[in-house]
2 protein chains.
Amino acid sequence: MTSTPDAVRAGAARAASVRGESAAPGRLCPEQGAAPARRVPKPRADALRNRERLVTAAREMFVEFGPQVPYDEIARRAGVGNATLYRNFPERADLVHEVVLSLMGRVAGIAERAMAEEADPFEAVRRFTLAAADERVGALCPMLDGAFDKEHPDLVVERERVEEAVAELVLRAQRAGRLRADVGVGDLMVAVSQLARPLPGTAGDAFAPFVRRHLLLFLDGLEAPARSELPGTPATLEDLRRDTCPAS
Amino acid sequence: MTSTPDAVRAGAARAASVRGESAAPGRLCPEQGAAPARRVPKPRADALRNRERLVTAAREMFVEFGPQVPYDEIARRAGVGNATLYRNFPERADLVHEVVLSLMGRVAGIAERAMAEEADPFEAVRRFTLAAADERVGALCPMLDGAFDKEHPDLVVERERVEEAVAELVLRAQRAGRLRADVGVGDLMVAVSQLARPLPGTAGDAFAPFVRRHLLLFLDGLEAPARSELPGTPATLEDLRRDTCPAS
DNA sequence: CCTAAACGGGGACGCGCTCCCCGGTTATTT
DNA sequence: AAATAACCGGGGAGCGCGTCCCCGTTTAGG
């Protein structure tokens, strides 16, 4: 054995993950000061392709079967060997992290686009809600219990992007008098996630039309003027984080 | 070994379960025709107590951790040995069956009481919805995938009781012009289940106030007059069954 | 064309759940 | 109240399944 780059890469990935850095290859990391100019071999094209395929497959499998789905099955779905999966994501937390990150990015984009392109601010909320459901935000729920670093820098950045966009969305609609004033961002996010949450066992899409109906009904309840008086206070996202992650 | 009643009981339970009969002890089964008057030993009082404890513990554990929770943990929560659990419910399907049955009974009672005691028909819907959520109907969702006999006679009876009561509840509210006409029983049941569905990892009750808010918002959307036009058709319970159980 | 990194899949390890066995305990029976 | 039979409890063996690694082969890049 002259050199075992597989093992080296895997070890590096694990270490980077622990330090809270992104383990994604393809990102040229500047030489670390005194480190003796170790040539960072640029990753191969097919390697990146496979990595992307794995994340996509993982997202689909997580949505359908939850985050406990066997590693080997994910690899099979992605059309690669299981070793490739283990090389890229030495532990499950890494994979979950990547999937959550990708999903949040999509949702943030949706919110920003809805805000930019929709004239009526309540219509923007509606469009965001339905599109977010299509992205299966509900699949995030089962991942909350999984032990993955919720304070990872990359994740915090993306989360703040989502929060900011949706908060703005809500605020505009409320200022326009189209959205009732006694609801918060947290109310919207959680209810959407719950209503769009996939049922286990259903291949996935048989329910889509019903989910749409229920979201629209909920949105009707959100519209101003309020038809009833709500108990408690508008839920912020901090409220939710406090209740779901009592440890942090 | 002179006689092993434990094994006999377990075997009998398994057979009865397959035949679609209730395996509950305490129910005196009339002597089966030509069978030579085998004395059916009346079950002991503590045995029934333990059985009831097990069902209660199972319901709690299912709500909190899903129907895959380890058998031994359920026994521990119930404060009995694991053998007792295996004696009463030789396979997981039996236990799930019992829990679902118990839950459906409670929900049916809630619906009937709401209808009888509430003057305003929409208020009856609201009361039913909130009470059903308190009973954790949402916990039913994760059990849909589990392989348990959904056509078991006992279950069908209870299911029809629920359906009839809720359908009547909806119909009355619609006839009174208080509930929008373009929603069906299925819309109500599924949305409530989803909104009240417990999040994994949360010990359970931190979210209760938020769930209440979201249910009330949804109910506001349900109120007549309709604020938007819904796509598709009102969901009946048959629609849902067809989509969740494609095999049957 | 050559080199080295990445791939694939077969198989062993180990964990955790299931399930049973048997000595002790408790409710019923006369 | 004593006898008896059913029931209970918990410890441990069996085993299925997911995780993880090894190594011969393939493939991209120079």
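In the text below, chain A, chain B and the rest are named by the order of the sequence lines, each starting its count at 1.
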Assess whether a salt bridge exists between B/E52 and B/R49, defined as any Lys/Arg side-chain N lying under 4.0 Å from an Asp/Glu carboxylate O. no

Whether A/R159 and A/E151 form a salt bridge (side-chain N of Lys/Arg under 4.0 Å from carboxylate O of Asp/Glu) is what I want to check. yes

Whole-Å gap separating [atom2] ([N]) and [atom1] ([X]):
{"X": "A/N88", "N": "D/dC20", "atom1": "CG", "atom2": "P", "result": "15 Å"}
{"X": "A/Y71", "N": "D/dC21", "atom1": "OH", "atom2": "C1'", "result": "15 Å"}
{"X": "A/E73", "N": "D/dC17", "atom1": "CD", "atom2": "P", "result": "12 Å"}
{"X": "B/R49", "N": "C/dT26", "atom1": "CZ", "atom2": "P", "result": "12 Å"}
{"X": "A/R51", "N": "C/dC7", "atom1": "CZ", "atom2": "P", "result": "11 Å"}
{"X": "A/D46", "N": "C/dG8", "atom1": "CG", "atom2": "P", "result": "9 Å"}
{"X": "A/Q68", "N": "C/dC17", "atom1": "CD", "atom2": "C1'", "result": "15 Å"}
{"X": "B/L85", "N": "D/dC8", "atom1": "CG", "atom2": "C1'", "result": "13 Å"}

CZ-CG distance between B/R53 and B/N88, expressed to the nearest 0.5 angstrom: 13.0 Å

If you pin A/N50 and A/D72 to their nearest nucleotides in DNA chain C, which one's is more 5'? A/N50

Would you mind telling me which residue lines up with the more 5' stretch of DNA chain C, B/A45 or B/A83, judged by nearest nucleotide? B/A83

Taking only side-chain N and O atoms of [X], does any of them lie within less than 4.0 angstrom of OP1 or OP2 on [N]?
{"X": "B/N82", "N": "C/dC19", "result": "no"}
{"X": "B/R87", "N": "D/dC7", "result": "no"}
{"X": "A/R92", "N": "D/dT19", "result": "yes"}
{"X": "A/R76", "N": "C/dG8", "result": "no"}

How bent is the helix from C/dC1-D/dG30 to C/dT30-D/dA1, comparing axes over its five end pairs at each side, to the nearest 10°? 30°

Under 3.5 Å side-chain donor-acceptor pair for B/T84 and B/R87: yes

Does a donor on one side chain and an acceptor on the other come within less than 3.5 Å for A/H214 and B/D187? yes

Any side-chain heavy-atom pair of B/L155 and B/F148 under 4.5 Å: yes

Mind checking whether A/D94 and A/E91 have side chains closer than 4.5 Å, heavy atoms only? yes

Identify which nucleotide among D/dG9, D/dG18, D/dC20 has an atom closest to any side-chain atom of A/P70, counting heavy atoms from C-beta outward. D/dG18

Along DNA chain D (nearest heavy atom to each residue), the more 5'-positioned of B/G81 and B/R44: B/R44

